[in-house]
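Owing to the predicted nature of the structure, the values given are computational and were not obtained by experimental measurement.
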Amino acid sequence: MQVVNKGDKVKVRVKVNGVWYERYVSPRMLLVDFIRDELGLTGTKVGCDTTTCGACTVLLDGKSVKSCTIFAVQADGSEITTIEGLSVDSKLHPIQEAFRDNFALQCGFCTSGMIMQTYFLLKQNPNPSEEEIRDGLHGNICRCTGYQNIIRAVIDASKRLRA
């Protein structure tokens with residue numbers, strides 16, 4: 001076990017959206033702060049800092065996680081996908097298009113977390129029922145309460161991805 005003294009930095013090496021990054025950070029730095037402050041990927045939002053709202057949702061080794069509850073050092077050696085990693089060559093991902101086309105963006109603060117959770121949900125279940133969508137998004141909160149449009153967007157996205 002490595003002993004870390006106060007003020008020491010630890011090396012974190014992660015692959016984010018297909019690119020390897022290496023930084024020395026405080027051992028207590030949260031993954032969301034690492035993504036935003038160290039890598040400059042500000043699509044991932046800091047919402048509640050208590051794992052309640054889901055605005056900070058990213059994929060860590062293919063699994064949906066709330067990056068405000070994980071230390072950056074815990075992600076060392078892992079592959080992370082953020083909202084920036086979904087679009088390719090400035091072309092929106094079909095889930096992003098479905099959210100835009102179904103007016104599911106609201107104020108936009110929860111959107112990246114909702115889209116990342118939707119991406120994870122549709123990877124697990126490409127054709128979910130409305131009940132399964134609601135269950136799959138239950139850890140993400142839209143403070144604008146735009147849930148009906150978000151549900152429509154997820155249904156639309158599942159159709160687009162299966163076409």
Side-chain angles (χ1 to χ4, degrees), residues 14-21 30-36 39-163:
V14 292
K15 188 175 187 180
V16 181
N17 302 330
V19 179
W20 282 101
Y21 295 91
L30 295 175
L31 181 59
V32 67
D33 295 328
F34 179 83
I35 291 168
R36 291 179 55 84
L39 305 183
L41 299 171
T42 57
T44 303
K45 304 297 184 206
V46 180
C48 62
D49 262 342
T50 61
T51 197
T52 302
C53 76
C56 65
T57 303
V58 298
L59 299 184
L60 178 66
D61 292 329
K63 295 181 180 167
S64 171
V65 298
K66 294 179 179 177
S67 59
C68 75
T69 57
I70 297 173
F71 293 118
V73 296
Q74 292 176 290
D76 185 47
S78 297
E79 187 166 341
I80 299 167
T81 305
T82 69
I83 189 75
E84 290 92 344
L86 292 188
S87 62
V88 178
D89 296 329
S90 299
K91 184 176 183 321
L92 295 178
H93 187 277
I95 295 172
Q96 294 169 309
E97 291 176 344
F99 269 67
R100 178 197 61 206
D101 295 347
N102 287 279
F103 306 102
L105 302 174
Q106 304 296 312
C107 80
F109 200 80
C110 72
T111 302
S112 62
M114 287 283 187
I115 287 175
M116 295 309 294
Q117 186 61 28
T118 298
Y119 182 86
F120 178 73
L121 170 68
L122 296 180
K123 284 283 187 194
Q124 305 299 309
N125 181 359
N127 189 20
S129 67
E130 184 173 327
E131 182 179 336
E132 290 167 329
I133 292 169
R134 291 183 185 280
D135 186 52
L137 296 178
H138 78 273
N140 292 69
I141 295 172
C142 170
R143 296 190 195 283
C144 302
T145 66
Y147 294 105
Q148 288 301 321
N149 291 347
I150 291 169
I151 300 300
R152 274 194 287 274
V154 176
I155 291 169
D156 184 17
S158 77
K159 290 176 184 172
R160 292 176 192 223
L161 291 171
R162 287 183 283 121

- Message: The test is side-chain contact (heavy atoms from CB on, under 4.5 Å); show your working for R160 and D101 and say whether it passes.
- Response: CA-CA 12 Å; R160 292 176 192 223; D101 295 347; 2.7 Å; yes
- Query: Can you name the closest pair of heavy atoms from H93 and L161 and give their distance?
  - Reply: CE1-CD2, 3.9 Å
- Query: Looking at T82 and M116, what are the two nearest heavy atoms and their distance?
  - Reply: C-SD, 3.7 Å
- Message: Rounded to the nearest 0.5 Å, what separates atom NZ in K66 from atom CG in L30?
- Response: 14.5 Å
- Item | R100 atom CZ, neighbour heavy-atom count above 12 within 6.0 Å | yes
- Task: Would you confirm whether D156, through its side chain, and R152, through its main-chain N or O, come within 3.5 Å as a donor-acceptor pair?
- Result: no
- Nearest heavy-atom contact between G77 and V14 is N-CG1, 4.3 Å
- Note on the structure: Shortest non-hydrogen pair, R36 vs T44, comes out as NH1-O, 2.8 Å
- Query: Which atoms form the tightest heavy-atom contact between I133 and P128, and what is the distance?
  - Reply: CG1-CG, 3.6 Å
- Item | F34 CZ to D76 CG distance, which is reported to the nearest 0.5 Å | 9.0 Å
- Give a yes or no answer on whether the side chain of N127 reaches the backbone of S158 with a donor-acceptor pair at less than 3.5 Å. no
- Message: Side chains of S64 and L59, heavy atoms from C-beta outward: is any pair under 4.5 Å?
- Response: yes
- Message: What verdict does the side-chain contact (heavy atoms from CB on, under 4.5 Å) test give for I35 and V16, after you've listed the backbone C-alpha separation in whole Å, the side-chain angles of each residue and the deciding distance to 0.1 Å?
- Response: CA-CA 9 Å; I35 291 168; V16 181; 5.6 Å; no
- Item | Any donor-acceptor N/O pair, S67 side chain to L31 backbone, under 3.5 Å | no
- Message: Checking the side chain of K123 only, and the main-chain atoms of G62 only, is there a donor and an acceptor separated by less than 3.5 Å?
- Response: no
- Task: Determine, stepwise, if the pair V46 / D33 fulfils side-chain contact (heavy atoms from CB on, under 4.5 Å).
- Result: CA-CA 8 Å; V46 180; D33 295 328; 4.3 Å; yes
- With rounding to the nearest 0.5 Å, note down the distance linking CD1 in I141 to OG1 in T52. 6.0 Å
- Test ring pair (Phe, Tyr, Trp, His ring centres under 6.0 Å) applied to F99 - qualifying residues, sequence neighbours left out: none
Donor-acceptor list for residues 104-114 side chains, cut-off 3.5 Å, not counting sequence neighbours:
residue	atom	partner	partner atom	Å
Q106	NE2	F103	O	3.3
T111	OG1	L105	O	3.3
T111	OG1	G108	O	3.4
S112	OG	G43	O	2.8

- Query: Below 4.5 Å, heavy atoms only, C-beta onward: do L39 and E84 meet side chain to side chain?
  - Reply: no
- Note on the structure: When every non-hydrogen atom of V58 is compared with those of T81, the smallest separation belongs to CB-O, 3.5 Å
- Inter-residue atom distance D135.CG - E130.CD, 0.5 Å rounding: 12.5 Å
- Item | From N140 atom CG to Y147 atom OH, the distance as rounded to the nearest 0.5 Å | 8.5 Å
- Would you please say whether a donor-acceptor pair under 3.5 Å links the side chains of E131 and S129? no
